[in-house]
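This report refers to the structure that appears directly beneath it.
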Amino acid sequence: MPDSEITLCTRLGIVHPIIQAPMGGGASSPQLVAAVSNAGGLGSLAAAYLSPQQIRDGIAEVRRLTDKSFNVNLFAGGYSGEDGAGATDASTMLAILRRHHLALGMPPPELPSALADPFPAQFDAILEARVPIFSFTFGIPAAPDLAKLKRQGALVIGTATTVDEACRLAAAGVDAVVAQGSEAGAHRGTFAGPFEMAMIGTMALVPQIVDTVPALPVIASGGIMDGRGIVAARALGAAAVQMGTAFLLCDEAGIPEAYKTLLVHAREDETKITRAFSGRPARGVVNSFMREVEHAGAAAIPPFPLQNALTRAIRNAAAQAGDVERLSLWAGQGLRLARRLPAAELVRRLVLENDATVGRLTATGN
Ligand SMILES: Cc1cc2nc3c(=O)[nH]c(=O)nc-3n(C[C@H](O)[C@H](O)[C@H](O)COP(=O)(O)O)c2cc1C
């Protein structure tokens, strides 16, 4: 391992430079987080959609299942409609949702009252739990918040989708940056500029960040599914990888069985970036709800977090019913390479594949 990888692994308290991505909506269950950390990688608990009490409980459960290092993740932004996109009038969306509510036997949807940013209370719960590692996306927490974490000795990781964002994160004093390529599953982390201009593939993004901010360890993320992808990311200068879609099919991943089955058969040309479910651009497998909402036009979709709140009841009901046509099927472009395995076995294979790939490249002298 190069020095940069050894240093980052040591600071993260892990053996292998493999991070299981935080995956909101229950996918990164405490069981998944602990299994990955116990296998020598870094498990990440997504806490953005959790209440402070759920965060406390989730962290306690992770700690019950592992004594190893782990990461907790929040959305550090996105609540003030800063990208300027989205409908100011939700009536078209409410009409669409009413039909789905009716079909699911639910009362009609209602416009929620003002949605407060949950970050401050969530962050307090995380501070109280004294976590070893904190990562964030959608923005940068305020300097005093980051300082509080640092005083506790926590390692702080931000998410960038452009070189400019990585520079801003470096200036804010993060310890490492996730370089999220456009192949990535779920929400774009973009926070400084229009997301359309920040659709940079992992292959192009990682080395440009590495070269521009050489002192900052870079964690490559987006489309990395197996040992070949890990070696490629390392060759580009990444000190570690963060993988989401690859872990979605693990036994411990907390997504509906119907979602897992669909992913087994889904192809790389079936995902799309959409605002249909949350109001914020995110990559998922196309289904009929996504098609219908997009057909209504971008101007009909309210911004995050309003659209996210409006579609929550349908998504929850669909998850219960295993209805993949109304679920947000977040997944990245590498989805054909996902494997149904227990998480520990996946980590073990990733390490073996990494070594075999390095051996193959060395043996052929290329
Ligand atoms: C289902 C799902 C949910 C995600 N939720 C979060 C999240 O809550 N916070 C976050 O920082 N990243 C989240 N991500 C993005 C990952 O951190 C990562 O960038 C992405 O999974 C990498 O691409 P890949 O899916 O091709 O591996 C999510 C990804 C998936 C697939």
Side-chain angles (χ1 to χ4, degrees), residues 18-29 32-33 42-50 55 58 71-78 118-119 122 133-141 156-161 165 169 176-191 198 200-203 205-206 218-226 229-230 232-233 238 240-250 253-256 259-260 262-263 266 268 271 273 277-278 280-285 304 308 315 319 327-339 346 350:
I18 297 172
I19 301 172
Q20 162 255 309
M23 293 187 282
S28 53
S29 64
L32 180 65
V33 176
L42 182 72
S44 305
L45 185 72
Y49 295 134
L50 303 182
I55 292 175
N71 168 38
V72 181
N73 171 272
L74 285 181
F75 294 164
F119 182 89
Q122 292 172 323
I133 302 161
F134 172 72
S135 76
F136 58 87
T137 185
F138 295 4
I140 307 180
V156 177
I157 305 174
T159 306
T161 60
E165 289 176 350
L169 288 161
V177 63
V178 171
Q180 188 193 41
S182 57
E183 303 92 326
H187 287 103
R188 304 295 303 143
T190 306
F191 63 90
I200 325 292
T202 304
M203 186 83 156
L205 182 63
V206 169
V218 175
I219 299 162
S221 192
I224 301 166
M225 302 296 293
D226 58 21
I230 295 172
V241 296
Q242 176 161 300
M243 303 165 63
T245 304
F247 283 98
L248 271 181
L249 290 189
C250 286
I255 60 171
Y259 182 175
K260 290 187 185 178
L262 178 129
L263 288 183
E268 77 291 351
T271 74
I273 300 275
F277 288 101
S278 70
R280 219 191 134 90
R283 184 179 295 286
V285 178
F304 183 90
N308 198 50
R315 288 182 284 118
L327 262 180
S328 46
L329 302 166
W330 303 141
Q333 290 178 323
L335 78 186
R336 231 191 246 260
L337 300 169
R339 292 166 274 188
L346 177 57
L350 291 172

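When a ligand or atom number is given, it counts from 1 through the structure's own listing order. Position 1 is the first residue of the sequence, and the numbers go up from there. Note that the structure is predicted; figures quoted are calculated from it, not measured.
Below 4.0 Å from some heavy atom of Met243 lie the following atoms of ligand 1, by number and element: 27 (O). Shown in contact with Ala186 at under 4.0 Å from a heavy atom are these atoms of ligand 1, numbered in order with element: 2 (C), 3 (C), 4 (C), 28 (C), 29 (C), 30 (C). Near Gly222, meaning under 4.0 Å from one of its heavy atoms, ligand 1 places the atoms 22 (C), 23 (O), 26 (O). Against a heavy-atom cut-off of under 4.0 Å, Gly223 is close to the following atoms of ligand 1: 23 (O), 24 (P), 26 (O). If you number the atoms of ligand 1 from 1 as listed, the ones under 4.0 Å from a heavy atom of Trp330 come out as 1 (C). Taking a cut-off of under 4.0 Å to the non-hydrogen atoms of Gly24, the atoms of ligand 1 that pass are 3 (C), 4 (C), 5 (N), 6 (C), 7 (C), 8 (O). Within the listing of ligand 1, atoms 15 (C), 19 (O) sit less than 4.0 angstrom from a heavy atom of Gln180.
Residue contact annotation: Ser221 has a non-hydrogen atom under 4.0 Å from ligand 1. Heavy atoms of Ala27 stay at 4.0 angstrom or farther from ligand 1. Under a 4.0 angstrom heavy-atom cut-off, Ala246 registers as lying outside contact with ligand 1. Using a 4.0 Å heavy-atom cutoff, Pro22 is listed among the residues neighbouring ligand 1.
Here the shortest heavy-atom distance to atom 23 (O) of ligand 1, taken over Ala184, Ala338, Gly181, belongs to Ala184. The heavy atom nearest to atom 15 (C) of ligand 1, considering only Ser44, Ala179, Ser28, Gly185, is found in Gly185.
Between Cys250 and Leu32, some side-chain heavy-atom pair lies under the 4.5 Å cut-off. In this structure the side chain of Arg339 reaches within 4.5 angstrom of the side chain of Leu350, judged on heavy atoms. Inter-residue side-chain proximity for Phe138 and Phe119 is flagged as unmet; no heavy-atom pair is nearer than 4.5 Å. Inter-residue side-chain proximity for Val177 and Glu165 is flagged as unmet; no heavy-atom pair is nearer than 4.5 Å.
Remark: Arg315 fails to qualify as a cation-pi partner of Phe277 under the 6.0 Å distance and 45° angle criteria applied to the six-membered ring.
Put simply, the side chain of Asn71 gets close to the backbone of Ser135: a donor and an acceptor are under 3.5 Å apart. Using modelled atom types, no side-chain atom of Tyr259 and backbone atom of Ala319 make a donor-acceptor pair closer than 3.5 Å. Panel note: side chain Gln333, backbone Thr271; no donor-acceptor pair is recorded below 3.5 Å. In this structure, the side chain of Thr202 engages the main chain of Gly222 through a donor-acceptor pair within 3.5 Å. At distances below 3.5 Å, not a single donor-acceptor pair connects side-chain atoms of Arg188 with backbone N or O atoms of Arg280.
The single protein non-hydrogen atom nearest to atom 9 (N) of ligand 1 is Asn73 OD1, 2.8 Å, given as residue, atom name and distance. Annotation: atom 31 (C) of ligand 1 to nearest protein heavy atom, Met23 SD, 3.9 Å. Ranking protein heavy atoms by distance to atom 16 (C) of ligand 1, first place goes to Ala21 CB, 3.5 Å. With respect to atom 17 (O) of ligand 1, the closest heavy atom belonging to the protein is Gln242 NE2, 3.0 Å. In this structure, atom 21 (O) of ligand 1 lies nearest to the protein heavy atom Gly244 CA, 3.4 Å.
Side-chain polar atoms of Ser28 and Ser44 form no donor-acceptor pair below 3.5 angstrom. A donor atom on one side chain and an acceptor atom on the other are found under 3.5 Å apart for His187 and Ser278.
Both the backbone and the side chain of Thr245 come within 4.0 Å of ligand 1, judged by heavy-atom distances. Residue contacts with ligand 1 for Ala48 are absent, since no atom lies close enough (heavy atoms, distance under 4.0 Å). Contacts of Phe75 with ligand 1, taken as heavy-atom pairs under 4.0 Å, involve the side chain alone. Only side-chain heavy atoms of Ala46 come within less than 4.0 Å of ligand 1; its backbone N, CA, C and O stay farther off.
Shown are Glu183, Met243, Gln242; of these, the side-chain contact (heavy atoms from CB on, under 4.5 Å) with Ser221 is made only by Gln242.
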